[in-house]
Each structure stands twice: as C-alpha cells, then as structure tokens.
Amino acid sequence: MCLPLDDTAMLCWLKQQVRVIEVWREELACRPEIEIAMVTRLERHYAWLTSEIMRLDTPRRAA
C-alpha cells in the first residue's frame with residue numbers, strides 16, 4: 001500500500017520525527033539512571049535520520 005505523499009509532506013513528517021527524538025533525548029538525559037545503550041542507539045538513529053533528511057532535502061534546495 002502506497003500513501004499519496006509528496007516529497008514536501010514526507011520531509012515535513014521526517015523532520016517531525018527528529019523533533020520527537022530530540023524530546024526523547026532530553027527526557028533520557030533527565031533520568032537519574034542513564035541507560036548508555038539506549039542513549040547510544042537513539043543518538044545513532046538521530047544522526048542517521050538527520051543525514052537522510054539533509055540528503056533528501058539538498059536536491060530541493062539546489063532547484
């Protein structure tokens with residue numbers, strides 16, 4: 001099943017996911033016990049997602 005999303009809508013949704021991860025990251029940092037493995041996974045996913053957004057958004061900026 002394919003959703004009828006254009007590139008703008010997809011990028012907007014992905015950027016919302018980055019904001020959710022940022023809030024999650026802040027919440028983890030406030031916990032008294034730090035789960036290093038979880039923080040590491042979250043940071044890895046954040047880095048991957050932001051690099052993918054930049055990759056997808058770059059052709060749009062050049063146009």
Side-chain angles (χ1 to χ4, degrees):
M1 177 172 126
C2 292
L3 297 175
L5 292 175
D6 61 7
D7 289 348
T8 304
M10 179 183 59
L11 281 169
C12 181
W13 182 80
L14 290 172
K15 289 174 183 178
Q16 284 182 307
Q17 300 311 302
V18 168
R19 288 191 290 274
V20 169
I21 291 172
E22 289 169 345
V23 170
W24 187 8
R25 182 170 54 181
E26 288 177 24
E27 192 270 329
L28 286 176
C30 292
R31 290 183 182 177
E33 73 290 341
I34 295 179
E35 299 174 39
I36 298 298
M38 180 179 275
V39 171
T40 302
R41 285 191 309 271
L42 188 60
E43 288 300 319
R44 192 177 315 129
H45 185 66
Y46 178 83
W48 172 81
L49 184 55
T50 54
S51 68
E52 287 300 306
I53 289 170
M54 285 178 44
R55 185 181 65 79
L56 292 168
D57 206 17
T58 298
R60 296 168 42 80
R61 283 191 231 144

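The structure displayed is predicted, hence computed values, not measured ones. Counting begins at 1 with the first residue of the sequence.
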Asker: Just verifying a value: how many Å separate Asp57 CG and Thr8 OG1, rounded to the nearest 0.5 Å?
Answerer: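 Those atoms lie 9.0 Å apart.
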
Asker: Within this structure, what is the CZ-CD1 distance for the pair Arg25 and Ile21, rounded to the nearest 0.5 Å?
Answerer: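 It is 8.5 Å, given to the nearest 0.5 Å.
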
Asker: For residues Ile34 and Leu28, determine if any side-chain heavy atom of one lies less than 4.5 Å from a side-chain heavy atom of the other.
Answerer: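 Counting from C-beta outward, Ile34 and Leu28 never come under 4.5 Å.
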
Asker: With the threshold set at 4.0 Å, does a side-chain nitrogen-carboxylate oxygen contact exist between Glu52 and Arg55?
Answerer: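 Salt bridge: yes.
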
Asker: Kindly compute the distance separating OG1 (Thr50) from CD (Gln17), expressed to the nearest 0.5 Å.
Answerer: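 Spacing of OG1 (Thr50) from CD (Gln17) equals 13.5 Å.
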
Asker: Minimum heavy-atom separation for Met10 to Leu56, with atom names?
Answerer: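 Taking every non-hydrogen atom into account, CE-CD1, 4.2 Å.
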
Asker: Do Met38 and Val20 share a hydrophobic cluster (ILVMFWY, side-chain heavy atoms under 4.5 Å, transitive)?
Answerer: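 No; Val20 is not reachable from Met38 via cluster members.
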
Asker: Under a 4.5 Å cut-off applied to non-hydrogen side-chain atoms, are Arg19 and Val23 in contact?
Answerer: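 In short, these two side chains do not touch, never coming nearer than 4.5 Å.
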
